[in-house]
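Contents: one structure, followed by commentary.
Please read all numbers here as calculations on a predicted model, not as lab measurements.
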Amino acid sequence: MTLARTAAILAALALPLALTACGGEDYSEFDEMLRKGLPQSRAVAVGYMFYDCDIDGGRGACENCDITIHPDDNGGYRGTVTHWYHDMRFEDGQWVQAVTGERGRQKLESNETGTAASSAMLEEAGKWCAARRDGKGEFVVLKQEG
């Protein structure tokens, strides 16, 4: 067994212990990784809720919920709020998303535009996300344009 492979295996085994140190889990690495994957450039508003991860050695599963709101062809807004799961793997010294899939999806529409319309849609999405995991996680607005 090579030294690099041994180090990778030891790191994979040690990481779950580090995540649960001090009596609580720190999933900020996974939270940040999943937030970075959200498409924001064309959206007028983006919301996000990170639920948690279940890590076991070099494998794990994380869940989050997000919404993107875009202008609709009819002059209003349309949005999609999705509950995601992500199978994670520890490879070559870092965590990677191996498989991503949907647990649920809700479509939202507004005939209006502007901050009030996107705020109402974000609020509705936040409630939907919170209900999916019994209020676990905090819904945060990552982008909102007026």
Side-chain angles (χ1 to χ4, degrees), residues 1 4-74 76-111 113 115-145:
M1 185 179 296
R5 182 163 165 76
T6 302
I9 290 170
L10 290 174
L13 294 173
L15 188 59
L17 296 174
L19 290 172
T20 58
C22 304
E25 294 90 2
D26 178 12
Y27 299 126
S28 56
E29 175 185 2
F30 301 102
D31 183 9
E32 184 178 331
M33 181 188 314
L34 298 174
R35 281 183 200 230
K36 284 182 182 177
L38 285 172
Q40 295 189 34
S41 61
R42 297 184 59 197
V44 295
V46 177
Y48 173 84
M49 179 181 280
F50 178 77
Y51 294 128
D52 61 10
C53 294
D54 182 16
I55 304 300
D56 186 13
R59 297 188 151 264
C62 298
E63 294 186 46
N64 74 293
C65 189
D66 63 51
I67 181 176
T68 55
I69 299 172
H70 296 56
D72 190 15
D73 292 339
N74 298 326
Y77 286 151
R78 63 181 165 79
T80 303
V81 55
T82 310
H83 177 177
W84 299 99
Y85 70 88
H86 311 276
D87 288 337
M88 313 297 275
R89 243 185 266 150
F90 196 74
E91 295 179 355
D92 299 325
Q94 64 183 3
W95 286 98
V96 295
Q97 288 175 249
V99 176
T100 295
E102 290 183 25
R103 291 213 186 279
R105 176 184 286 227
Q106 178 79 24
K107 296 207 182 257
L108 303 172
E109 292 183 17
S110 172
N111 292 328
T113 59
T115 304
S118 64
S119 291
M121 292 174 78
L122 287 167
E123 184 176 335
E124 186 176 343
K127 289 177 184 176
W128 187 87
C129 288
R132 302 281 300 173
R133 290 292 304 268
D134 296 326
K136 191 176 226 176
E138 177 185 353
F139 193 78
V140 294
V141 176
L142 300 179
K143 177 182 181 180
Q144 185 175 19
E145 298 176 349

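Other residues, nucleotides and ligands contribute over 12 non-hydrogen atoms within 6.0 Å of the CD atom of Glu91.
Checking Asn64, Thr100, Asp66 one by one against Trp84, the side chain to side chain donor-acceptor pair (under 3.5 Å) holds for a single residue, Asp66.
How far CH2 of Trp95 is from SG of Cys62: 8.0 Å, rounded to the nearest 0.5 Å. Annotation: the span from Met49 atom CE to Arg35 atom CZ amounts to 10.5 Å, rounded to 0.5 Å. Taking CD from Glu124 and SG from Cys129, the interatomic distance works out to 11.0 Å, rounded to the nearest 0.5 Å. Once rounded to the nearest 0.5 Å, the distance linking CZ of Arg78 with CE of Met121 reads 9.5 Å. Taken to the nearest 0.5 Å, the NE2 atom of His86 stands 4.0 Å off from the CG atom of Leu34.
Closest approach of Thr68 and Pro39 over heavy atoms only: CG2-O, 3.9 Å. Residues Ser119 and Gln144 come closest through the heavy atom pair OG-NE2, 2.9 Å. The nearest pair of heavy atoms linking Ile55 to Gly60 is CD1-CA, 3.8 Å. Annotation for Ile67 and Ala125: closest pair CD1-CB, 3.3 Å, computed over non-hydrogen atoms. Closest approach of Leu122 and Val46 over heavy atoms only: CD2-C, 4.2 Å. Contact record, Cys65 with Tyr51: CB-OH, 3.3 Å, taken as the closest heavy-atom pair.
No side-chain heavy atom of Val96 sits under 4.5 Å from any side-chain heavy atom of Met33. Contact annotation: the side chain of Thr113 never approaches that of Pro71 to less than 4.5 Å [non-hydrogen atoms, C-beta and beyond].
Side chain of Lys143 to main chain of Ala43: a donor-acceptor pair is present (N/O by atom type, distance under 3.5 Å, no hydrogens or angles). In this structure, Arg103 contributes its side chain and Glu63 its backbone to no donor-acceptor pair below 3.5 Å.
The aromatic rings of Phe50 and Tyr27 sit tilted relative to each other, their planes meeting at an angle between 30° and 60°.
Side chain to side chain, Thr82 and Glu102 fail the donor-acceptor criterion of an N or O pair below 3.5 Å.
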Inset, instruction - Could you give me the CA-CA distance, side-chain angles and deciding distance for Trp128 and His83, then say whether side-chain contact (heavy atoms from CB on, under 4.5 Å) is met? - result: CA-CA 9 Å; Trp128 187 87; His83 177 177; 4.1 Å; yes

Inset, instruction - Could you walk me through whether Arg59 and Asp87 pass the side-chain contact (heavy atoms from CB on, under 4.5 Å) test, one step at a time? - result: CA-CA 7 Å; Arg59 297 188 151 264; Asp87 288 337; 6.0 Å; no

